[in-house]
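Every value quoted in this text rests on a predicted model; they were computed, and no experiment measured them.
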2 protein chains.
Amino acid sequence: MARKLTIRDIARLAGVSKSTVSRVLNTKQDVDPATRERVLRVIEEQTFVLDMSAAKLAGGRSRLIGSLVPSLAWPLMSEIMRGISDVVAQSPYELLLYSITKNQVHEEQQQVISRILHSNLASGLLAVFPGPATPYLTELYEKGFPVVIIDDRGEPTSVPWVSADNRVGAYAATRYLLQMGHRRIAYIQGPVEYRASQARYQGYCDALQEAGLAIDPTLIQQGDFTPTSGCAPAEIFLSMADRPTAIFAGNDQMAYDVLTVAHKHGLRIPRDLSLVGFDDIPPSAYLSPPLTTVQQPFYQMGKQAAELLLSLLDVSSSSALNTLSKSLSIRLVTDLVVRDSCSPPRTVKGY
Amino acid sequence: MARKLTIRDIARLAGVSKSTVSRVLNTKQDVDPATRERVLRVIEEQTFVLDMSAAKLAGGRSRLIGSLVPSLAWPLMSEIMRGISDVVAQSPYELLLYSITKNQVHEEQQQVISRILHSNLASGLLAVFPGPATPYLTELYEKGFPVVIIDDRGEPTSVPWVSADNRVGAYAATRYLLQMGHRRIAYIQGPVEYRASQARYQGYCDALQEAGLAIDPTLIQQGDFTPTSGCAPAEIFLSMADRPTAIFAGNDQMAYDVLTVAHKHGLRIPRDLSLVGFDDIPPSAYLSPPLTTVQQPFYQMGKQAAELLLSLLDVSSSSALNTLSKSLSIRLVTDLVVRDSCSPPRTVKGY
DNA sequence: CTGTTAGCGCCTTCAA
DNA sequence: TTGAAGGCGCTAACAG
């Protein structure tokens, strides 16, 4: 395996010094166009690639960005990652993958983050649904380390973030059910640690209140977004004497559980019960009945977050501080995808 | 942002030299247990993390492994990645993610690979379904760069690989259909570039021939594993005067297309047509009817491949060459998951 | 067993 | 506009 060339080699070949080659590589201004051209040609001919580790060590940028993701098992992660990696592939950066699983305690999560930092590899971080780690990331960002979060915005944080508009999505879904005539609409809440979860709950409440309906605590149960976590809530709802005519599940996974439980109770959807989910992950379109759900633009979220981070890196590496651009944030719209899991309630009760 | 500590700092704090710290960090043998203990304590207290770039530059290993994956959009990728990242997380390595999309020409794929090499970051590579890039990877491996492939074995290659037993899986699926009484079993073939695709086809043929049935070319059509690519083949099969009583789709995605097309033709599954898929990706269990399919142990594949690569890295870094262990390979068994998409043919024709 | 001495390949002043 | 020199944090001989 032929020894890798160094800038020294191509310096010799181009008849210049290492410094000049370095300048060309880093597109500095003060290089004679002719020289630059010559150096570039040699680099091309030799298919020379600069050693990132050395560059990093010598004080340059690392051209590596880290991505901190929750369980890759979540079906929606693949689309987000696809968005991210498409952008990164077009850039001079490479992507580092760090994953955190839900059953890691906070302390362990912080350890992962501190490893990312201290190992000194990544020069920026993309955090997907960081949940409880958010405050720590904020701290990081404020210390000058580029971070972009994909999630809903939580406490006023200065960290740039990209999210789908969870509140509006949930609002639209609830409103849809309301307009069909439903009045007893149950909600299966996701874990409160996640901003997205809170925002959806808010949207649900907003729609209800706008319709002049009170929030009925008995119609709200908690799941945790994972498969089967919607079963218990569904069981409770469907066993009620005055059971709800519609259920809005905090995410699709939990909606699937409702389907299962409803089936067990001999209830048919949408005839006996309307059902709406949130996310629009792949299975949803294939269910029977196909699930009406709020679609999140996962690919776009990944793509835009990556682009945002890249732009932050460019800025911090060149001149201007992040003084000008306070609080970068992008909120993407969600779409209510109407399929066949909803219909007007059989017996519209008065109110 | 407090200056990052270096081994020099912790050397001072522990009252030893940098070399000793380095030895402890790299778990070398020749260190006094007491000294080691002391150094370790300081490292712990200071939450020191070694700078990988510097370590790499100084001639050590890079503690970075690359993963080369095809489109992350494939639903099965997330499980494979989960297996990989679980293993990597438990190791001192970090994971680099490179993705290749199908519409990149071979040349572009090679470029990605050569970038991986020349950037000199990864010290090993995990290639998932490399398809046409396989020969190039083989070359790499033979030049001494650790590579593990996740796919079916192709031409006799020396590269260590992990795969599901695609042939046997397809054989079992076909046999299942045969035993139910089906005789006209159509097959939707995946792209021939993929080994896995070829192996499944082989399994299909083997089962048929074992049953004394000839391979009927009109019952074989080609898709490419992607969504909707199974529509055209399904359309052809279901429009035949003497249409097949069962269809075996090369993967689940294409089976979904058969479902759609069958529905359009007013055919009910499994009453009018039996259907088997391959992969068992998440939606399959939720379809109506739930799809009978061959389950691949994706998580395991990722896990074992990562473990294999890690062991290769250990070996090459320490003493023994890879002389002893020729042709490492792991073949995992698949499971036929019987659900509700198959039944005996309505009218069992004589043969 | 431990410290000393050289670099690894690159970027960055500082002069020229 | 360019070259020379120094050092980033670490590992790897080589002494002791």
Side-chain angles (χ1 to χ4, degrees), chain A residues 2-40 42-43 46 48-64 92 117-121 123 317-318, chain B residues 1-40 42-43 46-64 92 117-121 123 316-319:
Chain A
R3 197 181 59 74
K4 222 180 89 54
L5 300 101
T6 73
I7 56 169
R8 188 203 201 92
D9 296 315
I10 84 109
R12 192 165 28 71
L13 260 33
V16 296
S17 75
K18 293 193 309 178
S19 321
T20 301
V21 177
S22 175
R23 289 189 185 101
V24 172
L25 250 16
N26 297 32
T27 54
K28 302 282 186 189
Q29 293 317 311
D30 46 1
V31 179
D32 184 287
T35 316
R36 177 191 301 280
E37 187 57 37
R38 186 149 37 90
V39 173
L40 248 22
V42 177
I43 289 178
Q46 309 293 329
F48 164 84
V49 181
L50 159 148
D51 182 321
M52 267 199 210
S53 317
K56 176 74 177 64
L57 182 55
R61 316 255 90 247
S62 86
R63 312 266 98 157
L64 235 45
L117 247 47
H118 291 288
S119 74
N120 217 298
L121 281 166
S123 53
S317 78
S318 66
Chain B
M1 192 137 58
R3 196 181 59 75
K4 221 179 90 55
L5 301 100
T6 72
I7 55 169
R8 189 203 201 93
D9 297 316
I10 88 108
R12 192 164 29 71
L13 259 32
V16 296
S17 74
K18 293 193 313 179
S19 321
T20 301
V21 178
S22 175
R23 288 188 185 103
V24 173
L25 251 16
N26 297 6
T27 55
K28 302 281 186 188
Q29 294 316 310
D30 46 1
V31 179
D32 183 287
T35 315
R36 177 190 300 278
E37 188 58 34
R38 186 150 38 90
V39 172
L40 246 22
V42 177
I43 289 179
Q46 309 292 329
T47 63
F48 163 84
V49 180
L50 163 145
D51 184 321
M52 268 201 205
S53 315
K56 174 71 176 63
L57 182 55
R61 319 252 86 249
S62 84
R63 312 265 100 158
L64 235 44
L117 251 48
H118 289 289
S119 74
N120 216 297
L121 281 166
S123 53
S316 72
S317 78
S318 65
S319 55

Hey, what bend do you get for the helix from dC1(C)-dG16(D) to dA16(C)-dT1(D) if you fit axes on five pairs at each end, rounded to 10°?
30°

Output all residues satisfying side chain to side chain contact (heavy atoms under 4.5 Å, CB included) with Val42(B), sequence neighbours left out; order by chain, then residue number.
Ile10(B), Leu13(B), Ala14(B), Gln46(B)

Set of residues satisfying side chain to side chain contact (heavy atoms under 4.5 Å, CB included) with respect to Ser53(A), sequence neighbours excluded
Asp51(A), Ser53(B), Lys56(B), Leu121(B)

Would you give the length of the straight line joining atom OG1 of Thr35(A) to atom CG of Asp30(A), rounded to the nearest 0.5 angstrom?
11.0 Å

Could I get the full list of side chain to side chain contact (heavy atoms under 4.5 Å, CB included) partners for Leu50(B), not counting sequence neighbours?
Leu25(B), Phe48(B), Ala55(B)

Taking every non-hydrogen atom, the tightest pair across Gln29(A) and Arg36(A)
O-NH2, 4.0 Å

Sorted by chain and number, sequence neighbours left out, side chain to side chain donor-acceptor pair (under 3.5 Å) with Arg8(A) holds for none

Within residues 30-40 of chain B, the residues having a heavy atom closer than 4.0 Å to DNA chain C are Asp30(B), Val31(B), Asp32(B), Thr35(B)

What donor-acceptor contacts under 3.5 angstrom involve side-chain atoms of residues 15-24 of chain A, with partners at least two apart or in another chain?
from, atom 1, to, atom 2, distance (Å)
Ser17(A), OG, Ser19(A), N, 3.4
Ser17(A), OG, Thr20(A), N, 3.4
Ser17(A), OG, Thr20(A), OG1, 3.4

Can you sort out the partners of Arg12(A) under side chain to side chain donor-acceptor pair (under 3.5 Å), two or more places apart, ordered by chain and number?
Asp9(A)

Which letters describe nucleotides 7-14 of chain C, given B = protein heavy atom under 4.0 Å from base, S = only from sugar-phosphate, - = neither?
BBBBBBB-

Under 4.0 Å: is that the gap between some side-chain N or O of Thr20(A) and OP1 or OP2 of dT1(D)?
no

Main-chain N/O of Lys28(B) paired with Asn26(B) side-chain donor or acceptor, under 3.5 Å:
no

What is the distance, to the nearest angstrom, from the CZ atom on Arg12(B) to the P atom on dC10(D)?
13 Å

